[in-house]
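Below: the structure, in C-alpha cells.
First the proteins, then the strands, lettered A, B, ... as listed; each starts at 1.
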Amino acid sequence: MILRGRTIQPGRVTAPTLVSRQGISFYGGVDPESGIVLEAGHDLMGQCIAGKMLIFPSGKGSTVGSYTLYRLAKNGHAPAGIINANCETITAVGCIIGEIPCIDLVDISLIPDGVVATLDAEIGTLSW
Amino acid sequence: MQLTADQQAMLEGQNGRSKQKAMQILSTLGKIYGAEVMLPVTSVQVSGVSYANLGEAGLDWLSEMAVDGSRVKVLTTLNPAGMDIENWQVLGIDPQFARDQNRVLDAFARMGINLTCTCTPYLIGNLPNLGDHVAWAESSAVCYANSVLGARTNREGGPSALAAALTGFTPAYGLHLDENRRPTITVGVEVQPTGTWQYGVLGKAIGDRLQGQQSVPFITGIGHASLEELKSFCASIATYGGTGLFHMRGITPEVDNYTAPEEVIQITQADMQQAASKLQKALLDEVDFVSLGCPHLTLAEVARVAELLAGKKVKKEFWITTSRPVKRLADYAGYTTVIESAGAKFAVDTCCVVAPIEGRFKAMLTDSAKACYYAQARNRFAMHILPFDDVVLEACR
C-alpha cells in the first residue's frame, strides 16, 4: 500500500511503524536521552520511539519540544521518520533542525502498527 | 509559496549553512500555514535563552547556527536568561549552571544579537510601530506587541524567531494578515480593575473562559489602563488563554477598525473573585519568597518599590526582576541603593519563570498572575497574589 502526503523534511528511510492515536508533547512527554514516552495515560506510555516510523496525529505542548527532537537526533534516539495527520510548528521545526524525514496530510488511520514501512519524504510517500 | 531571488538563494545555501537552515524553517512553516510570500521584519525577540530550558541540545543547535559567522539582519533582543549575568552568586546559582548559561549567551553574541535579556523588549528600545511586521517569541511580549502597539507577530518559538532574525523575513500567515486580526468574541467587563494584580486576575478570568479557542477578544468596559496594568494583563491572558491578540475599546490602536462581535461573554465581580481566589492558595504566614517583576518591572515600578522600602528592612527572600537597562537607570536615580539597603535583591536579566529555583521555596508572594501559574506548574511553590504595594509591605512583615 502507498499513501501520499506533503513533505515537511526530506529524506528516505525504512523502519517499523509505531502508531499513536494521541498528540505527542516531546518536551516533558518523551525522555530526551532514551526516546521513551513518559506522559502518564498516553497510549505510547513506556514505549521507545527511537528508530521507529512514528505515526501520530499532531504535536502539542511547549515549543521547547523542537529542541528535544534535535537532542534525540544528536544522540541517536530520534524516530527514523515521522508521519502526521497535521504537522504543527513544534514537530516541523524539530524535524528540520534534527533532519528527521517527515510528511503530513496523510490518513494515518490506514497505517497498521508494527509493520516495516518505507518513507520517501523526497516525493512524500509512505509504503509497506 | 513565492520566494524572491534573494530568498531562494538563501534556501539553496548560497549565503551559508545557517541562513539555509533558517530559510528551510521559515519556508516550511509558510508551507504548513499556507503563506504566499515572506514579509520583511523590523525586529525580533528570541526565546529559549535559559540553559535550564534549552539544555545541551538547544545549546548545540545554537552553536551550530553561530558557527559560520552568520549575523542577524535586524535588531534582535533576548528573553530572560536563567540567571543574573553579573550577580548570579548572590542569588545562589550553581557555578556550573553559570558557565553553561554563558556558553548560550556567547553563541547569541556571535550572531550579533543584543544580549539584553528581558521579557519586556518594548521597554528597552525594541519598540515596533503600528503595522510593523516583527517576529517575536515570549507570549506576554507577543500579546503586548500585537494588542497594545498594533505591530504584527505570530507566537514564535525560539528557532523560528532566530530564523527570522538571521534572514530578516517571516512567512505571511496568522496574525500578520488583516483577516486574522478581526475580533471573534466580545468580552464585557463589568468591573473596572485597578492595579497590576487585578489586571492579572482579569487576564486569568478571561483566559480561562477562552482557553484553546484561538479567539481574538474584543474587550469592553475598561475605562483606563496604565502601561504597567496592560503589561500584567497581556502576560496573564497569554498564559491562561493562549491569547496572542486582543482589542480593548478606548485603549488599543486597532479597536476602532472593528465592531463588537455578536457572541458575547460577561466578566462579573463574581468571576473576578473566583479567579483571584484560585491565585491565593498559600497562607501569608507560609510565604518565604517574595517576587516582583513578572513581566520585568518598569522604571516607575522600581521607583515605587524604593519609595515603599525607604528606611525599612525586608524579612523574607525578596527578588526584584527587571532588565539590565532599567536597572542601570535605577542605579543612576538612586533607587538601587535604597532597595538593596533594605535587604531586597535585584535579579536582573532573569526571572522566576526561567531561573533554576525549582523546589527552593515553599510559598511565593507576587502581584503577577503569570508568575503564580509558573510558581505552581514549574517550581512547585504554593502562591499568593496581592496588590503591588501590599507585596512590598508584606515582605517587611
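For B:E36, the CD atom counts as loosely surrounded, since its 6.0 Å shell holds 12 or fewer non-hydrogen atoms of other residues, nucleotides or ligands. Within 6.0 Å of atom CD in B:Q2, 12 or fewer heavy atoms from other residues, nucleotides or ligands are found, so the atom counts as exposed in its surroundings. Other residues, nucleotides and ligands contribute over 12 non-hydrogen atoms within 6.0 Å of the CZ atom of B:R360. Around atom OH of B:Y173, more than 12 heavy atoms belonging to other residues, nucleotides or ligands sit under 6.0 Å away.
Summarising the geometry of B:A57 relative to A:Y67, their closest heavy-atom pair is CB-O, 3.7 Å, with the distance given to 0.1 Å. When all heavy atoms are compared, the tightest approach of A:A92 to B:L29 is CB-CD2, 4.5 Å. The two residues A:I96 and B:K21 have their closest heavy-atom pair at O-NZ, 2.8 Å.
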Mind running side-chain contact (heavy atoms from CB on, under 4.5 Å) on A:T89 and B:I32 for me, showing each step along the way?
CA-CA 8 Å; A:T89 309; B:I32 291 172; over 6 Å; no
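Both the backbone and the side chain of A:T7 come within contact range of chain B, each with at least one heavy atom under 4.5 Å from a heavy atom of that chain. Looking at B:L62, only its side chain comes within 4.5 Å of chain A, counting heavy atoms on both sides.
A:R6 places a side-chain N or O within 3.5 Å of a backbone atom of B:K31 that can act as its donor or acceptor partner.
With rounding to the nearest 0.5 angstrom, the CG atom of B:L59 is 11.0 Å from the CZ atom of A:R71. Separating the CD atom in B:Q24 from the CD atom in A:E99 is a distance of 7.5 Å, to the nearest 0.5 Å.
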